[in-house]
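Structure record follows, encoded as structure tokens.
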Amino acid sequence: MRVRRNKRFHAEIAASALSDIMFFLLLFFLIISTLANPNVIDLMLPKADSNKTTDKAHITISVNADKQYFIDKQQVPFEELESTLMSRIAGSGDNVVIVRLPKDLQVQDMVDILQIGQKNKLKFSIATTK
């Protein structure tokens with residue numbers, strides 16, 4: 001009498017290592033997504049039908065609803081806005097400035113900022129949402 005042995009191969013996957021890898025990937029993407037947004041000043045931007053995006057990191061001017069002015073993330077009084085902006089542009093060599101204004105800001109406030117660009121021959125672009 002012969003004894004038959006079970007010679008079937010059973011494939012196994014070590015799932016414990018996969019959960020660790022998934023956790024590290026999740027952590028990595030969470031950290032990267034917070035670093036990817038350079039403008040942390042929360043604004044309700046105006047809407048536009050067509051938006052063009054840029055890959056280059058330009059200097060940004062942000063104005064919040066309380067009329068506080070920011071160059072990148074640094075708060076600047078309006079009286080010092082032009083001098084601070086020109087020193088940043090001289091340091092970077094980039095004359096393109098992204099203007100981030102809330103949608104309910106008065107037109108005169110926007111014109112005051114755009115006049116700085118006109119006077120210094122800068123290229124201003126207004127940030128919008130779709």
Side-chain angles (χ1 to χ4, degrees):
M1 179 175 224
R2 272 177 112 181
V3 178
R4 290 184 92 185
R5 294 187 183 178
N6 190 2
K7 293 186 178 185
R8 289 187 181 176
F9 178 74
H10 296 288
E12 293 183 19
I13 297 176
S16 61
L18 292 178
S19 63
D20 291 343
I21 292 171
M22 292 301 292
F23 175 76
F24 285 123
L25 284 174
L26 177 70
L27 209 76
F28 172 77
F29 286 118
L30 284 175
I31 291 171
I32 293 300
S33 67
T34 58
L35 296 177
N37 187 4
N39 300 311
V40 293
I41 301 166
D42 188 26
L43 297 175
M44 292 293 294
L45 297 175
K47 292 185 180 182
D49 291 335
S50 64
N51 288 342
K52 291 186 179 179
T53 59
T54 179
D55 294 333
K56 192 173 180 184
H58 298 288
I59 297 172
T60 60
I61 296 177
S62 302
V63 183
N64 62 11
D66 298 329
K67 294 185 184 177
Q68 294 174 330
Y69 298 88
F70 299 87
I71 295 180
D72 293 332
K73 297 177 194 175
Q74 177 187 1
Q75 186 173 355
V76 177
F78 181 75
E79 297 79 26
E80 299 174 13
L81 187 66
E82 183 174 0
S83 62
T84 307
L85 179 63
M86 293 311 295
S87 66
R88 289 268 179 100
I89 288 175
S92 70
D94 185 17
N95 69 341
V96 177
V97 178
I98 307 297
V99 181
R100 300 179 72 238
L101 303 165
K103 64 181 180 180
D104 56 351
L105 191 70
Q106 293 182 4
V107 175
Q108 184 60 48
D109 296 325
M110 180 180 69
V111 170
D112 291 341
I113 293 173
L114 295 179
Q115 283 179 344
I116 294 172
Q118 180 70 26
K119 185 169 114 178
N120 295 300
K121 296 181 180 164
L122 302 174
K123 296 178 184 176
F124 275 22
S125 180
I126 297 175
T128 59
T129 59
K130 194 161 192 172

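Positions are given from 1 along the sequence. Note that these values count all heavy atoms, side chains included, but never hydrogens, waters or copies made by symmetry.
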Looking at every non-hydrogen atom in both residues, tell me the closest pair between [X] and [Y] and how far apart they are.
| X | Y | answer |
| --- | --- | --- |
| Met110 | Leu105 | N-CD2, 4.4 Å |
| Ala65 | Pro102 | N-CG, 4.1 Å |
| Ile98 | His58 | CG1-CB, 3.9 Å |
| Asp72 | Arg88 | OD2-NH1, 3.1 Å |

Ring pair (Phe, Tyr, Trp, His ring centres under 6.0 Å) partners for Phe78, two or more places apart: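 Phe78 satisfies ring pair (Phe, Tyr, Trp, His ring centres under 6.0 Å) with Tyr69 once adjacent residues are dropped.
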Atom pair [atom1] ([X]) and [atom2] ([Y]), whose distance is rounded to the nearest 0.5 Å:
| X | Y | atom1 | atom2 | answer |
| --- | --- | --- | --- | --- |
| Thr84 | Glu79 | OG1 | CD | 11.0 Å |
| Leu101 | Asp109 | CG | CG | 8.5 Å |
| Lys67 | Gln106 | NZ | CD | 4.5 Å |
| Phe124 | Gln115 | CZ | CD | 11.0 Å |
| Ile61 | Ile113 | CD1 | CD1 | 6.0 Å |
| Leu81 | Ile71 | CG | CD1 | 4.5 Å |

Say whether, by atom type as modelled, one donor and one acceptor occur between the side chain of Asn64 and the main chain of Asp66 under 3.5 angstrom. yes
Between Ile21 and Leu30, is there a shared hydrophobic cluster once you connect ILVMFWY residues whose side-chain heavy atoms come closer than 4.5 Å?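 Unlinked, Ile21 and Leu30 end up in two clusters.
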Does Leu122 reach the side chain of Leu85, with side-chain heavy atoms less than 4.5 Å apart?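 Touching, per the 4.5 Å side-chain cut-off.
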Other residues, nucleotides and ligands only: do more than 12 of their heavy atoms fall within 6.0 Å of CD on Gln108?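 Yes, enclosed.
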